[in-house]
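Here the structure comes first, spelled out in structure tokens, and everything after it is commentary.
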Amino acid sequence: MLPIAQVADQLGIASEHLIPYGHYKAKISLDSLNGRDERQGKLVVVTGITPTPAGEGKTTTSVGLTQGMGKLGHKAVVTLREPTLGPIFGIKGGGTGGGMARVVPEDEINIHFTGDAHAVASAHNLLAALVDNAVYRRQVPGFQPAGIQWSRVTDASDRSLRNIVAGVGGSNNSPLRETRFDIVSASEIMAILALAADPDDLRDRLSRIVVGFTDSGEPVSAGDLEVVGSLMTLLRHTTMPNMVQTLEGQPSLIHAGPFGNIAHGCSSIIGDKVALAYSDYVITEAGFGSDLGFEKFMHIKTRQSGLNPNAAVLVASVRALKWHGGANRRDLATPDPDAVTAGGSNLAHHIGIVKGFGLPCVVAINRFGTDSSEELEAVRAIAMDAGADSAVEADGFAQGGDGMTGLAEAVVKAADGQPNVTYAYPLDAPVEDKVLSLARQVYHADSVNWSAEARRSLRRFEAQGWGNLPICMAKTHLSTSHDPTLRGSPSGYAFPIADIRASVGAGFLYALAGRIETLPGLPTRPRALEMDVDAQGEVVGL
């Protein structure tokens, strides 16, 4: 690894704007933006087809593409979400790419990093304690335990905390109420951090967090409780993005890690702004498939930041198309061009989503060692027939930047211009119309079924003036529909809305299509059982 000051120097970031955390990672002061053109570079968003148990490799492709850009002589930065501890010790493992396309130091990025996630957790749980105290002390008229809607968070995948009773043991421990824990990445404060433009915007958004409702239905905010200053003391350093590097020495900004279901699942606006001010190309990743991460990137992050992307990269793989074509997981390494063709509808669906926003779409065919030439050609043909601007094999895992120069060249060509971005709905449309537009244009449903509870909540939110907020759909990532068992490209169904909730501080309403688990559980054999520290003090098993 290069000393982090040398990585920053490649971009022209002055030493006084660098705050080192050891030798190989640092925070970047927001003063680095003073006097800079905030749109020097081009922005490329990386998304993918519907995830499968085989994994598609969006992060590996994002990092490899950045390395490929470096091979072509371009100054490139990759901006990524911070990995979450729960999945790292659970079933997923680390979130820093794979093979020869990784960001480093992996152990520090995945575990603790610069402490941003811990600061978010501390602020979230401090707010929970202050809310409970306000109810206990009866500081807000009509604010009862049943009206509290602010949970607590943990960064462990602990299913026993999903639904709990707090305040047991007598009146000194009240308020007695049913509540829950969420994973830290599901905290609204994490979503706010990712969307805040600067510290003042962070403060303003924190003040708008709705922590509950009074008996008469009036919202109670963090600002009403006068607690925002205390939250800012814990979050004051978190607005500065974190810099690390790829295996080939390109800068990487890893900042914020919002949940991909009930939030927008993208890294921070601030990180993108800093990267765009100092580079030729910024490669940023949107979580899950284009029906979730990319759609939210466009409707929420792009709209709030004003930073429209120049192009999109859609990651696909032979293995994933075989899965969507009906193949069993144990057979994904067996050549089967017919299964690839059968699963092509999923790839075509996602290309349509990207093109529907007016962006050029480059399909990255993430190569695996078992792919046959016939299968790879089948994927390319499906992509081009569906309207992709190009479809290029990506071999960053095995070859690093050398295996990604073809993709990098295609992206440079696609990003040469500023697309006329279009959205699925205007912000001032009625909420039900916005949801219907998403259901039809993105999920290929015919209609939307609202539960009675969802309609009641919607009426209350619209009465508060929150109807102009964008929609953050909380749905499964395993299908373009609401049903995780439906592979390929399901269509012609009724899309259900079980409930709708408000993240007023983050600036969106999130509609729930089915049950979304906000605190993962551990698998039969968690990855935690494979991890340790060796005699040299290095983390192994990550």
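As a basis for the values below, the full set of heavy atoms in this structure was taken, side chains included, without hydrogen atoms, waters or symmetry mates.
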**Prompt:** What's the spacing between Leu43 CG and Thr302 OG1 if we round to 0.5 Å?
**Reply:** 7.0 Å
**Request:** Would you check if the side chain of Asp336 reaches a backbone N or O of Ala339 as a donor-acceptor pair within less than 3.5 Å?
**Result:** yes
**Request:** Given side chain to side chain donor-acceptor pair (under 3.5 Å), test Thr480 with Asp291 step by step and report yes or no.
**Result:** CA-CA 6 Å; Thr480 56; Asp291 59 310; 5.7 Å; no
**Prompt:** With the threshold set at 4.0 Å, does a side-chain nitrogen-carboxylate oxygen contact exist between Asp272 and Lys301?
**Reply:** yes
**Request:** Search all heavy atoms of Gly99 against all heavy atoms of Leu247 and return the closest pair with its distance.
**Result:** O-CD1, 3.7 Å
**Message:** Please tell me whether Thr59 and Glu285 have a donor and an acceptor in their side chains that are separated by less than 3.5 angstrom.
**Reply:** yes
**Item:** Whether Lys475 side chain and Ser481 backbone form a donor-acceptor pair below 3.5 Å
**Value:** yes
**Request:** Test side chain to side chain donor-acceptor pair (under 3.5 Å) on Ser489 and Asn346 and set out the steps.
**Result:** CA-CA 5 Å; Ser489 179; Asn346 187 267; over 6 Å; no
**Item:** From CG (Asp338) to CD (Glu375), nearest 0.5 Å
**Value:** 10.0 Å
**Message:** If you count heavy atoms of other groups shown closer than 6.0 angstrom to CG of Asn328, is the number above 12?
**Reply:** yes
**Fill in**
Contacts satisfying salt bridge (charged side-chain N to carboxylate O under 4.0 Å, His left out) that involve residues 431-443 (not counting sequence neighbours) are Glu432-Arg455
**Message:** For the backbone of Gly94 and the side chain of Asn110, can you confirm whether one donor and one acceptor N or O come within less than 3.5 Å of each other?
**Reply:** no
**Prompt:** Does the pair Arg319/Asp371 count as a salt bridge with the N-to-O cut at 4.0 Å?
**Reply:** no
**Ser451 side-chain N/O to Ala498 backbone N/O, donor-acceptor pair under 3.5 Å** = yes
**Request:** Starting from the C-alpha separation in whole Å, work towards a yes-or-no answer on side chain to side chain contact (heavy atoms under 4.5 Å, CB included) for Val103 and Gln245.
**Result:** CA-CA 6 Å; Val103 286; Gln245 61 191 287; over 6 Å; no
**Prompt:** Does the side chain of Arg501 reach to within under 4.5 Å of the side chain of Leu512, using non-hydrogen atoms?
**Reply:** yes
**Item:** Test item: side-chain donor near acceptor, Gln418 and Asn310, under 3.5 Å
**Value:** yes
**Fill in**
Shortest non-hydrogen pair, Asp446 vs Gly492, comes out as OD2-CA, 3.3 Å
**Message:** Donor-acceptor pair, distance only, cut-off 3.5 Å: does the side chain of Thr284 make one with the backbone of Val46?
**Reply:** no
**Request:** Answer yes when Arg380 and Glu393 have at least one side-chain N-carboxylate O distance shorter than 4.0 Å, and no when they do not.
**Result:** no
**Prompt:** Checking side chain to side chain contact (heavy atoms under 4.5 Å, CB included) against Ile365, which of Leu376, Val315, Val392 comes through?
**Reply:** Leu376
**Message:** Within a 6.0 Å radius of atom CD on Glu374, are there more than 12 heavy atoms belonging to other residues, nucleotides or ligands?
**Reply:** no
**Thr47 side-chain N/O to Ala286 backbone N/O, donor-acceptor pair under 3.5 Å** = no
**Side chains of Val448 and Ile497 in contact at under 4.5 Å (non-hydrogen atoms)** = yes
**Message:** Quick check: do Ser187 and Phe259 have side-chain heavy atoms less than 4.5 Å from each other?
**Reply:** no
**Request:** Would you check if Trp450 and Val435 make a side-chain contact, meaning some heavy-atom pair closer than 4.5 Å?
**Result:** yes
**Request:** Give a yes or no on whether the ring-centroid distance for Phe294 and Phe357 is below 6.0 angstrom.
**Result:** yes
**Prompt:** With a distance cut-off below 6.0 Å to the six-membered ring centre and an angular limit of 45° from the axis, does Arg329 pair with Trp323 as a cation-pi contact?
**Reply:** no
**Verdict with reasoning, Met243 to Leu11, per side chain to side chain contact (heavy atoms under 4.5 Å, CB included)** = CA-CA 11 Å; Met243 175 179 283; Leu11 291 179; 3.9 Å; yes
**Item:** Closest heavy-atom pair and its distance - Val244, Val104
**Value:** CB-O, 3.4 Å
**Request:** Look only at the side chain of Asn366 and the backbone of Glu56, and say whether a donor-acceptor pair between them is shorter than 3.5 Å.
**Result:** yes
**Request:** Can you measure from NE2 (His264) to CE (Met190) and round to the nearest 0.5 angstrom?
**Result:** 10.5 Å
**Prompt:** Are Thr518 and Ile262 side-chain neighbours, meaning at least one heavy-atom pair lies under 4.5 Å?
**Reply:** yes
**Asked** Would a 4.5 Å heavy-atom cut-off, applied to side chains only, mark Thr79 and Ser252 as touching?
**Response** no
**Step-by-step side chain to side chain contact (heavy atoms under 4.5 Å, CB included) determination, Tyr510 to Ile500** = CA-CA 6 Å; Tyr510 62 99; Ile500 188 167; over 6 Å; no
**Message:** Let me confirm one number: the CD-OG1 distance from Glu82 to Thr238, rounded to the nearest 0.5 Å.
**Reply:** 10.5 Å
**Request:** Give the intermediate values and the outcome of side chain to side chain contact (heavy atoms under 4.5 Å, CB included) for residues Leu407 and Thr61.
**Result:** CA-CA 10 Å; Leu407 179 63; Thr61 302; 4.1 Å; yes
**Prompt:** Looking only at atom types and distance, does a side-chain atom of Glu188 sit under 3.5 Å from a main-chain N or O of Ala506, one as donor and one as acceptor?
**Reply:** yes
**Item:** Residue Leu72 excluded, over 12 heavy atoms near CG under 6.0 Å
**Value:** yes
**Item:** Evaluation steps, side chain to side chain donor-acceptor pair (under 3.5 Å), between Thr50 and His350
**Value:** CA-CA 8 Å; Thr50 302; His350 287 283; 2.8 Å; yes
**Message:** Is the distance from the ring center of His299 to that of Tyr425 below 6.0 Å?
**Reply:** yes
**Asked** Just how far is it from atom CE of Met240 to atom OG of Ser32, taken to the nearest 0.5 Å?
**Response** 10.5 Å
**Request:** Could you tell me whether the side chain of Asn242 and the main chain of Ile254 form a donor-acceptor pair under 3.5 Å?
**Result:** yes
**Asked** Is the Lys NZ or Arg CZ of Arg367 less than 6.0 Å from the centre of Phe397's six-membered ring, within 45° of the axis?
**Response** no
**Request:** Determine the minimum heavy-atom distance between Ala117 and Asp155, stating which atoms define it.
**Result:** CB-OD2, 4.4 Å
**Closest non-hydrogen atom pair, Pro360 against Ala414** = CG-O, 3.4 Å
**Request:** Take Glu409 and Thr405, measure what side chain to side chain donor-acceptor pair (under 3.5 Å) needs, and give me the verdict at the end.
**Result:** CA-CA 6 Å; Glu409 289 171 348; Thr405 54; 5.4 Å; no
**Asked** Is the number of heavy atoms from other residues, nucleotides or ligands under 6.0 Å of Phe495 CZ greater than 12?
**Response** yes
**Prompt:** Is there a side-chain contact between Ile91 and Arg527 (heavy atoms, below 4.5 Å)?
**Reply:** no
**Request:** Measure across Ile471 and Glu295 and return the closest heavy-atom pair with its distance rounded to 0.1 Å.
**Result:** O-OE2, 4.2 Å
**Fill in**
The side chain to side chain contact (heavy atoms under 4.5 Å, CB included) partner of His74 among Lys42, Gln250, Met69 is Met69
**Prompt:** Taking the six-membered ring for Trp, are the ring centroids of Tyr443 and His482 within less than 6.0 Å of each other?
**Reply:** no
**Asked** Just by modelled atom types, is the Gly271 backbone N or O under 3.5 Å from a matching donor or acceptor in the Ser268 side chain?
**Response** yes
**Asked** If we only count heavy atoms from C-beta on, is the Thr66 to Val77 side-chain gap below 4.5 Å?
**Response** no
